Amino acid sequence: MTRKVTKAIFPVAGLGTRFLPATKSIPKEIMTLVDRPLIQYAIDEARAAGIREFIFVTSRGKGALEDYFDHSPILEQELRRKGKDKLLEVLKSTNMDSGAIAYIRQHKALGLGHAVWCARRLLDPKEPFAVILPDDVIAAEKPCLQQMVEAYEEHGGSMVAAMEVPAEKVSSYGVLDIKEDMGDMVSVKGMVEKPAPGTEPSNLAVIGRYILDPAVMNNLNQMKSGAGGEIQLTDAIADEIGTERGVYGYRFSGQRFDCGSKAGFLQATIAFGLSRDDLRDELQEYLDELSAVRAAAQ
Ligand code: UTP
């Protein structure tokens with residue numbers, strides 16, 4: 001029997017340089033898709049998967065993130081006074097229970113593996129944990145982490161979310177070397193972070209959702225420097241291959257947007273806008289107009 005996954009780590013200490021100058025003063029995770037910051041999508045997904053404790057690994061300049069999850073009594077009082085009950089509900093949905101959220105600092109951006117390791121003292125040494133990268137936003141009928149928790153309860157081990165990516169993009173990802181393909185699940189015999197073009201073992205890439213055995217945290221203690229001179233989470237997971245626990249890739253169902261890149265962020269904005277009843281018609285009309293203008297120009 002696997003232990004229940006109730007804690008998730010959100011590594012948000014990166015510099016977000018691809019969004020400069022905006023990220024000079026706004027944490028990337030506070031940037032909004034329609035009207036909700038990226039971090040809210042990640043928290044909602046975690047909650048749906050049964051996560052009860054939320055650990056943020058932050059860095060200097062991320063104060064807006066802490067404020068975002070705080071209660072806002074003056075704003076709430078004002079909305080109540082004006083009878084804006086719907087907005088009040090929206091606002092309250094961002095509140096976190098006291099003690100459910102913890103912030104820890106990564107003092108130097110030494111890599112994703114190092115960021116996860118910074119949270120080690122907040123976990124029970126026997127407890128599996130989830131890691132969510134809020135840059136990866138996944139639109140899915142059943143939230144991605146929930147799909148993974150269900151699969152994890154059957155298989156145990158360490159599990160990464162996996163997705164087929166086009167050959168020309170695969171070298172930007174951690175890539176799986178597949179031992180056995182079982183459909184939604186693959187067992188893994190190797191993992192390479194950012195393989196040189198042409199050396200990738202498959203086109204099945206790791207994206208930002210993980211359920212990890214506590215042994216991965218021990219592996220991170222070795223502080224191995226990996227691709228790009230960073231301490232890579234992929235390497236610490238790869239050290240689990242060949243143990244009795246093993247490593248699995250999970251082909252989730254849903255659409256993933258790389259909101260750490262500008263193009264991905266814009267695509268997500270359009271997709272989430274089109275999924276909203278209050279915005280769909282107006283936005284679709286605009287998109288149709290744009291394509292008509294483009295067609296006429298050709
Ligand atoms: P990215 O590779 O997207 O880096 O990190 P970044 O700094 O956020 O953005 P760019 O590339 O400069 O635009 C992937 C995830 O890992 C976290 C980031 O916050 C992001 O959630 N991370 C990365 C850390 O928390 N610490 C690190 O040292 C590196």
Side-chain angles (χ1 to χ4, degrees), residues 7-33 37-43 45-46 51 54-66 68-69 101-120 122-123 129-138 144-145 160-161 163 165 169-175 191-195 205-210 212 216-217 220 223-237 256-268:
K7 293 187 184 172
I9 301 174
F10 300 80
V12 291
L15 299 173
T17 53
R18 282 171 288 173
F19 281 96
L20 279 170
T23 43
K24 194 176 157 206
S25 65
I26 310 166
K28 177 169 63 172
E29 302 73 25
I30 286 292
M31 296 197 323
T32 56
L33 283 181
L38 288 183
I39 196 66
Q40 184 71 54
Y41 292 88
I43 290 283
E45 184 180 330
I51 299 298
F54 307 82
I55 302 165
F56 286 84
V57 182
T58 67
S59 58
R60 197 168 301 118
K62 301 275 178 170
L65 257 178
E66 297 194 24
Y68 177 77
F69 288 111
I101 193 160
Y103 301 93
I104 194 142
R105 281 233 173 158
Q106 183 191 28
H107 293 107
K108 268 189 184 167
L110 296 177
L112 176 59
H114 181 262
V116 169
W117 178 80
C118 288
R120 67 199 177 283
L122 299 173
L123 298 171
F129 57 97
V131 176
I132 296 188
L133 305 190
D135 300 11
D136 277 331
V137 176
I138 302 169
C144 178
L145 193 68
V160 299
M163 181 180 105
V165 295
K169 293 205 170 144
V170 78
S171 57
S172 326
Y173 292 86
V175 182
M191 284 172 91
V192 201
E193 184 60 40
K194 302 191 174 58
V206 176
I207 66 122
R209 302 287 182 277
Y210 309 78
L212 300 177
V216 173
M217 203 52 106
L220 283 169
M223 292 286 137
K224 273 197 243 166
S225 168
E230 294 194 342
I231 296 162
Q232 298 287 355
L233 184 58
T234 305
D235 295 339
I237 301 171
R256 172 258 187 178
F257 297 94
D258 174 10
C259 292
S261 79
K262 284 178 255 212
F265 192 89
L266 290 171
Q267 286 158 15

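Counting convention: from 1, in listed order, for ligands and their atoms alike. Just so it is clear, the structure is predicted and the values come from calculations on it, not from any experiment.
- The N/O atoms of G260, backbone and side chain alike, include none that comes under 3.5 Å of an N/O atom in ligand 1.
- Taking each of P11, A13, G14, P27 in turn, the one with a heavy atom nearest to atom 20 (C) of ligand 1 proves to be P11.
- Here the options are T58, L38, V57, the test is side-chain contact (heavy atoms from CB on, under 4.5 Å), and the partner is V12; only T58 passes.
- Side-chain atoms of Q106 and H114 include a donor-acceptor pair closer than 3.5 Å.
- Within ligand 1, the atoms closer than 4.0 Å to a non-hydrogen atom of A109 are 28 (O), numbered from 1 in the order shown.
- Shown in contact with L110 at under 4.0 Å from a heavy atom are these atoms of ligand 1, numbered in order with element: 28 (O).
- Under a 4.0 Å N-O distance rule, the pair D136/R256 qualifies as a salt bridge.
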I104 and F56: CA distance, side-chain angles, deciding distance, side-chain contact (heavy atoms from CB on, under 4.5 Å) verdict
CA-CA 6 Å; I104 194 142; F56 286 84; over 6 Å; no
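- If you number the atoms of ligand 1 from 1 as listed, the ones under 4.0 Å from a heavy atom of G111 come out as 26 (N), 27 (C), 28 (O), 29 (C).
- With ring centers used as reference points, F129 lies 6.0 Å or more from Y210.
- Put simply, part of Q106 is less than 4.0 Å from ligand 1, judged by heavy atoms.
- Residue A115 places no N or O, backbone or side chain, under 3.5 Å from any N or O of ligand 1.
- Proximity of V12 to ligand 1, defined as any heavy-atom pair under 4.0 Å, is confined to the backbone N, CA, C and O atoms.
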